[in-house]
Amino acid sequence: MAMTASTSSVSFSLSNWGPVSTTRSKIFGPRLGSLILHRHPQESDLDLSLPSTSREIRLETPTFLTSTSRGVVPHLSRDNVKRCESIRWVNVPFESFMESNPPVPTIHPGPDPLHKFLGFNQSQQIISMSARNPCDGRQLPPNGKDTVSVWTLQGVRKLTPSDWQKYATKCQPDVVFALSDTPFTDPPYSQKRMTKSIERSAQWLARLLSSPTIPLPSVILHLAGLSSSPARRAFSNSLLEPLYGPELEAVAHMGIKNLDEGVVGYSVDLVPIRMTIEAEGRKIASTNNTATPSALTPMFNQTRHLAVPLHTAQIIPLVHSSLSSLPPFKLRLINGIESPHEVLRYISKVGIDVFDAGWAQKCASIGVALDFEFPVITRKDVGEVGRLQIGCNLYDEAYQMDFRALSSSFLCQCPTCVPVSTPEGEEIKHGVDSEEYTRTTAIPTHPSTAVLSEVKGYTRAYIHHLLHTHEMSAHTLLTMHNLETLDRFFRGIRGLLTQLENSQKNEVASSLWDDEVSRFTLTYDELASFEVLETARGMWKDVDIKRGKGRLSKEKNEGEND
Amino acid sequence: MEFEVIAKCKTTKARVSRMKLAHGVTMLPTFMPVATQAAIKGLTSQQMESLGVTLILNNTYHLNLRPGLDVLKTAGGAHRFQGWNRNLLTDSGGFQLVSLSKFTTITEEGALFASPFTGEPTMLTPEESISIQHTIGADIIMQLDDVVSSLTTGPRVEEAMERSVRWLDRCIAQHNKSGKKDSQNLFAIVQGGLNPHLRDRCLDMMVARKDGVAGYAIGGLSGGEEKGDIKQCADKLPDERPRYSMGIGFAEDLLVCVALGVDMADCVFPTRTARFGVALTHSGPLNLRLSKHTKDFGPIDDSCPCPTCKDKVSRAILHHTITHETAAAHAITMHNVVFQAQVMGRAREAIIAGTFPDYLQTFFAQYFGKAGYPEWCVNALRSVGVDLLEGNPNQKVIPGTGAKWEYSDNPAL
């Protein structure tokens with residue numbers, strides 16, 4: 001499925017159609033795929049001499065994308081991003097760049113401005129660009145007929161579809177998320193508002209695709225309609241309507257007959273859907289006392305941690321209504337995941353291909369080291385010792401003397417658990433510090449009295465210490481570890497699906513997948529895991545107040561005297 | 001410790017030496033970045049290693065509070081705890097006792113202070129300080145000294161000086177009987193904040209104890225003295241021992257100290273200022289928070305070998321992220337650590353090449369431009385035979401100390 005002529009193009013193909021024979025699970029069951037990014041060398045491209053493989057990035061799905069904030073992976077400087085093989089797709093919410101006009105990345109000189117400006121490697125990372133942070137549910141002023149409200153540090157800005165097209169063509173990300181009219185005013189929303197939402201979203205997609213002269217990055221479309229099944233269905237149908245007249249002419253350069261043909265895949269942002277469902281639930285509950293909140297939110301009403309419950313059971317049919325009429329072979333992406341359990345549910349019941357990693361990165365920011373595996377192999381024993389959580393809250397005093405590696409179930413290969421030293425002699429030299437002067441070829445190694453010599457990397461005790469002393473390095477180390485743990489989780493998922501695909505009997509394969517998912521659910525307690533996260537968040541806040549704020553303002557005052 | 005002076009400047013007192021410790025060789029003069037709580041803020045030990053840094057500093061007072069000695073002992077020392085395989089230096093913890101606790105009273109026995117955990121009176125004796133530092137396991141450890149503010153006058157100053165010498169004797173005795181002498185090295189601290197007469201006596205007594213110590217630190221300069229003190233100390237300290245000037249971090253201060261014969265220095269300034277968006281360059285500091293950098297796609301310094309500049313991280317993206325994203329602080333911290341190392345590395349090269357006075361001239365001219373030289377720098381360098389104004393007679397001279405001193409162990413960190 002080749003996209004527009006551009007400097008890069010994304011194609012997606014499925015390798016299986018779900019291991020089960022019934023039509024429905026064929027469309028919405030677990031699936032394997034590959035996303036291939038081709039970079040087309042330009043005249044000006046200095047890397048023309050590179051072998052063709054370096055102009056191609058291949059991602060096997062299901063997989064994840066790494067979230068960024070203000071254009072950077074939180075807590076990772078570029079050298080550390082390079083150390084993380086798990087970072088292969090980064091999504092860049094563009095709104096922070098709208099603090100200056102024109103946005104700074106749009107005036108970056110040379111080819112691949114976004115890659116260059118943000119320092120991502122063209123042969124290593126796919127960059128997608130979205131207008132907003134898809135997990136930010138803060139209230140915003142209403143969108144207009146031709147504007148989306150976006151959030152910047154300097155207040156709300158208005159983004160128009162034509163500016164969005166301009167930014168996408170100037171920045172040349174590999175993938176652009178079409179502008180969507182998702183309201184972030186006080187939910188729930190009227191039917192009239194939803195009608196407007198799906199109409200505008202389709203119009204804005206048409207606007208984005210109508211770029212005859214400048215190559216457009218591959219487009220992923222957010223499936224509009226929020227919590228309304230009819231609205232979602234109507235939106236999908238509108239994508240499939242044949243274009244004619246001026247609308248067709250506007251996209252003639254792409255050789256497409258309807259809007260759907262202009263997109264490589266679909267995305268679903270869970271955060272606004274959850275907020276809408278929650279608001280509708282409150283509304284019903286206030287007018288009708290028989291509907292208890294627990295009936296509306298069967299799964300997670302008891303967890304304190306989630307400002308908005310997951311509502312997975314309600315959301316899955318909504319996503320189905322969007323996807324039913326659309327071609328099943330296109331990429332499916334979800335933003336706003338909260339746990340590995342949720343990932344497994346959306347793979348099992350919807351056939352999602354790409355998930356955001358925001359939740360795992362958030363865990364790193366609040367002191368949680370992820371520790372789980374799929375399929376569950378090494379921790380099959382847990383039935384006897386009680387269920388596990390998906391991670392450790394390293395603020396907990398229990399880790400003060402815990403010199404074990406972060407992962408309990410496998411030997412994690414992340415740069416935190418297996419730090420790689422700079423090869424001898426390749427450190428930066430500053431003058432009179434070469435071997436000629438130091439007269440040493442190797443750094444002496446030290447036999448230690450410690451009993452823990454088998455642990456190569458950073459320990460739980462060290463990160464516990466860093467967290468309580470409010471040291472930034474804690475979050476760096478945890479981010480690298482959590483992303484690798486997530487990567488391994490998805491490798492496990494793909495490994496199992498590959499194995500099942502190869503097995504001939506679909507019925508058996510399907511039940512094997514379900515068995516492994518329920519083994520995971522039984523091994524790792526989702527509710528208890530959320531409690532761990534909640535406790536960590538509280539402790540993070542305490543330390544931040546105690547050592548962060550006061551300290552920062554003190555430092556600031558001194559900084560001014562410098 | 002193996003310590004060997006391999007070259008001397010023919011004009012100034014500057015020298016290049018090779019210091020071999022248990023975790024490798026560090027070439028001197030050098031600047032030591034400060035990892036107060038067992039981490040250079042935001043960076044991993046692997047990152048520090050890749051920057052070509054071979055010696056960093058941990059603060060005893062902080063590590064003793066957190067993670068505490070039990071944890072460090074079980075971990076197998078601070079090196080292992082923080083994954084740092086190069087050389088490490090710890091201070092005695094005494095400075096923070098005085099600066100962080102209002103209730104500290106000094107007695108002959110040691111420093112009496114209120115425990116930060118229980119509030120109970122707790123005594124830090126010289127023996128205790130040394131044994132704490134033995135547990136931490138740094139390659140270089142410091143004696144406990146009786147620190148007085150440089151503003152203090154009268155008999156208390158002399159008392160503190162003499163007590164510090166007595167405490168040095170107790171530290172030496174404790175260190176000698178510990179069996180750690182081959183892996184850890186004790187430094188004495190010469191009190192800098194004294195009048196020349198007292199300082200002279202202090203130096204005499206400390207030099208007399210040369211066999212018990214591996215090197216000398218010059219302390220007590222946090223109050224803003226001129227560096228005449230350092231000259232007096234460096235002149236008198238034995239050639240065959242490294243000299244460490246505590247709490248010096250501005251590039252111009254470092255180079256003046258090197259010219260006066262100092263081998264090592266530490267300060268939180270370069271790493272802390274990075275977190276506030278200030279990148280140090282050979283053309284002077286650069287405040288990346290200023291809006292003039294919004295659209296500047298150039299790196300901090302084209303010729304800098306640090307990972308940030310080599311990767312062409314632009315001033316624009318640093319401006320966009322600094323104070324909002326920790327990653328920006330990390331990027332500038334790496335740059336500033338490398339800048340300090342480059343200033344010192346170039347000094348070593350110039351000393352060996354016999355061009356150190358020229359290096360001073362070009363560094364000051366580029367670093368200060370037309371802004372003017374600090375008067376004390378001009379004066380201090382004149383005292384070792386370098387006249388900064390010689391080739392630059394129209395340069396302004398800014399009176400006073402010009403730059404402020406910052407002690408390495410700033411309690412704010």
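The figures that follow rest on heavy atoms only: side chains count, while hydrogens, waters and symmetry mates do not. Below, chains carry the letters A, B, ... as their sequence lines are ordered, and counting in each starts from 1. Not measured: the values here are computed from a predicted model.
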Check whether [X] gets within reach of chain A through its side chain, its backbone, both or neither, counting any heavy atom under 4.5 Å.
| X | result |
| --- | --- |
| Val343(B) | neither |
| Lys310(B) | neither |
| Phe297(B) | side chain |
| Glu4(B) | side chain |
| Ile6(B) | side chain |
| Ala38(B) | both |

Distance check, rounded to the nearest 0.5 Å: [X] atom [atom1] versus [Y] atom [atom2]?
| X | Y | atom1 | atom2 | result |
| --- | --- | --- | --- | --- |
| Gln47(B) | Asn80(A) | CD | CG | 4.0 Å |
| Thr26(B) | Asp433(A) | OG1 | CG | 10.0 Å |
| Cys306(B) | Asp79(A) | SG | CG | 9.5 Å |
| Leu72(B) | His465(A) | CG | NE2 | 8.0 Å |

Minimum heavy-atom distance between [X] and [Y], given as atom pair plus value:
| X | Y | result |
| --- | --- | --- |
| Pro305(B) | Ile428(A) | O-CD1, 3.3 Å |
| Thr469(A) | Gln37(B) | CG2-OE1, 3.3 Å |
| Met472(A) | Gly42(B) | CB-CA, 3.7 Å |
| Phe403(A) | Val71(B) | CZ-O, 3.4 Å |
| Lys295(B) | Asn101(A) | NZ-O, 4.1 Å |
| Glu325(B) | Pro74(A) | OE1-CA, 3.9 Å |

Give a yes or no answer on whether the side chain of [X] reaches the backbone of [Y] with a donor-acceptor pair at less than 3.5 Å.
| X | Y | value |
| --- | --- | --- |
| Ser473(A) | Leu43(B) | yes |
| Arg348(B) | Gly431(A) | yes |
| Tyr462(A) | Ala75(B) | no |
| His430(A) | Leu51(B) | yes |

Quick one: what part of [X] sits under 4.5 Å from any heavy atom of chain B, side chain, backbone, both or neither?
| X | result |
| --- | --- |
| Thr416(A) | neither |
| Val81(A) | neither |
| Ser100(A) | side chain |
| Ile107(A) | both |
| Tyr458(A) | side chain |
| His464(A) | side chain |
| Lys116(A) | neither |
| Ser421(A) | both |

Derivation and outcome, salt bridge (charged side-chain N to carboxylate O under 4.0 Å, His left out), residues Glu349(B) and Lys429(A):
CA-CA 12 Å; Glu349(B) 274 179 344; Lys429(A) 293 293 171 199; over 6 Å; no
Given the options Gly83(B), Ala39(B), Ala7(B), which has more heavy-atom pairs under 4.5 Å with chain A than any of the others?
Ala39(B)
Under 4.5 Å, counting heavy-atom pairs only, tell me which of His330(B), Arg18(B), Met27(B), Gln342(B) racks up the most with chain A.
Arg18(B)
Do [X] and [Y] have side chains that approach each other closer than 4.5 Å (heavy atoms only, starting at C-beta)?
| X | Y | value |
| --- | --- | --- |
| His324(B) | Leu153(A) | yes |
| Ser77(A) | Met334(B) | yes |
| Ile317(B) | Arg78(A) | yes |
| Glu427(A) | Ser50(B) | no |
| Ile352(B) | Tyr437(A) | yes |

Please determine, among [options], the option with the most heavy-atom pairs under 4.5 Å with chain B.
| options | answer |
| --- | --- |
| Val73(A), Thr422(A), Val432(A) | Val432(A) |
| His468(A), His475(A), Lys82(A), Gln400(A) | His468(A) |
| Pro419(A), Pro109(A), Gly457(A) | Pro419(A) |

Can Met401(A) and Thr74(B) be said to form a side-chain contact (heavy atoms from CB on, under 4.5 Å), step by step?
CA-CA 8 Å; Met401(A) 280 284 202; Thr74(B) 318; 3.6 Å; yes
Name the one of Thr321(B), Thr326(B), Val313(B) that satisfies side chain to side chain contact (heavy atoms under 4.5 Å, CB included) with Val72(A)?
Thr321(B)
Anything under 30° is parallel, anything over 60° is perpendicular, the rest tilted; go ahead and classify His320(B) against Phe97(A).
parallel
Regarding Arg66(B) and Glu471(A), does a basic nitrogen lie under 4.0 Å from an acidic carboxylate oxygen?
no
